[in-house]
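What follows is a single structure, written as structure tokens, with notes after it.
Each residue takes its place number in the sequence, starting with 1. Just so you know, ligand 1 is whichever comes first in the structure, and atom 1 is the first atom listed for that ligand.
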Amino acid sequence: MSLRQATAVACANIAVIKYWGNRDHALRLPANPSLSMNLAGLETRTTVTFAADLPEDEVSIGGASATGAARGRVVEHLNLIRLCAQTTLRARVESHNNFPSGAGIASSASAFAALTVAAAAAAGLKGSEAQLSALARRGSGSASRSIPAGFAEWRMGTGDADSFAVSIAPPEHWALADVIAVLSTRHKATGSTEGHALADTSPLQAARVAGAAERLSACRTALLERDFDSLAEVVEADSTLMHAVMMTSTPPLYYWEPLTLAVMSAVREWRAAGLPVCFTIDAGPNVHCLTPAEHAPEIAMRLRALGVPQTFTALPGGPARLIKSE
Ligand code: DP6
């Protein structure tokens, strides 16, 4: 019996310039470039074993056997890796997040980044970081950004081969903290994949996409120069533009809850009063508050005082990494 096994770990990431909408849904080629920070400590660990005696792929997530769409998405990604590695062997996949799945922290980025690195190694594929990022992108767009270290820019590219993420700065570049205000642990009604497919139904998407490269360039400069004030303005503008597109799609997607708006407004007041903090929000009600690390405990305390039930704090994280391969 041939058995090839590999284990990989990857972090979640938070986008400061958002990915929303695809120009090619099947290949997950994005409508616009995006930029993110890996989140240290919020990780998925995945072991993939290719074995000759498996009649079909076995997928377990968090200790429970996955079925239906969740399993289907993993199997589809394994099929892609099998195609690249020219193997027909079935695989056993065991995946664990070290953050609670109900915590409202998107796990598809860390999950597909870890799955890609582990499955590629177990299948004997020797890809560069760029190739692994492009491969991870096919499983979940934001997973492309969890492959490189620290602050990652996902370039549009011209096609499948050159649409991948690269690190623009290592995690040590800037101790920015993401203080996540967890307002709801409910499973979101409309996931990102369905959301991307609706983006073009919004009359605002074309305008959002048209300005994305310019916002990304301003955001990249602010990050590289550690210029928090400039970063704050462009990060909030980009997040709100994405939500404007979501709310004006057909059907419309409303992710904000009353407490989401209360936190957004408080964050802006705190910044106006001199505390360096800004918000960004993904496809859910939770608010990611970015702040230089020394202010993170103060921000977490203020969020709790506003009625936020739970917070998580993460610093910039490293690249997806292979832990074991045999
Ligand atoms: C709002 O990468 O989760 O978090 O490619 O369908 O898996 P799929 O979508 P996903 O979309 C992320 C959307 C976002 C913004 C972002 O992370 O850039």
Kindly assign one of parallel, tilted or perpendicular to the pair H77 and F112, based on the angle between their ring planes and the thresholds 30° and 60°. perpendicular

Are any of the N/O atoms on G141, whether in the backbone or the side chain, positioned under 3.5 angstrom from an N/O atom of ligand 1? yes

Compute whether any side-chain donor of one residue and acceptor of the other, for H196 and W20, lie under 3.5 angstrom apart. no

Do S108 and S140 have side-chain N/O donor and acceptor atoms under 3.5 Å apart? yes

For N13 and ligand 1, does the shortest N/O to N/O distance drop below 3.5 Å? no

Contact between S34 and ligand 1, counting heavy atoms under 4.0 Å? no

Would you mind telling me if ligand 1 is within reach of the side chain of R73, the backbone, both or neither, using heavy atoms under 4.0 Å? side chain

How close does the nearest protein non-hydrogen atom get to atom 9 (O) of ligand 1, and which residue and atom is it? H196 NE2, 3.0 Å

Side chains of T49 and R92: is there a donor and an acceptor less than 3.5 Å apart? no

Under the 6.0 Å and 45° cation-pi test, does R137 pair with W154? no

When you measure from atom 4 (O) of ligand 1 to every protein heavy atom, which one gives the shortest distance, and what is it? D282 CG, 3.3 Å

Using a heavy-atom cut-off of under 4.0 Å, does the side chain or the backbone of R137 touch ligand 1, or both, or neither? neither

for atom 2 (O) of ligand 1, nearest protein heavy atom and its distance come out as S142 OG, 2.7 Å

Quick one: does ligand 1 sit under 4.0 Å from the side chain of S140, the backbone, both or neither, non-hydrogen atoms only? both

Under-4.0 Å salt bridge between R45 and E94: no

Can you tell which of K18, R28, R138, M246 gets a heavy atom nearest to atom 8 (P) of ligand 1? R28

Please list, one pair per line, the donor and acceptor atoms closer than 3.5 Å that link side chains of residues 260-267 to other protein atoms, with sequence neighbours excluded.
| from | atom 1 | to | atom 2 | distance (Å) |
| --- | --- | --- | --- | --- |
| T260 | OG1 | E257 | N | 2.9 |
| T260 | OG1 | E257 | O | 3.3 |
| T260 | OG1 | P285 | O | 2.9 |

So between H243, H25, R145, whose heavy atom ends up nearest atom 16 (C) of ligand 1? R145

Any donor-acceptor pair under 3.5 Å linking the side-chain atoms of T280 with those of K18? yes

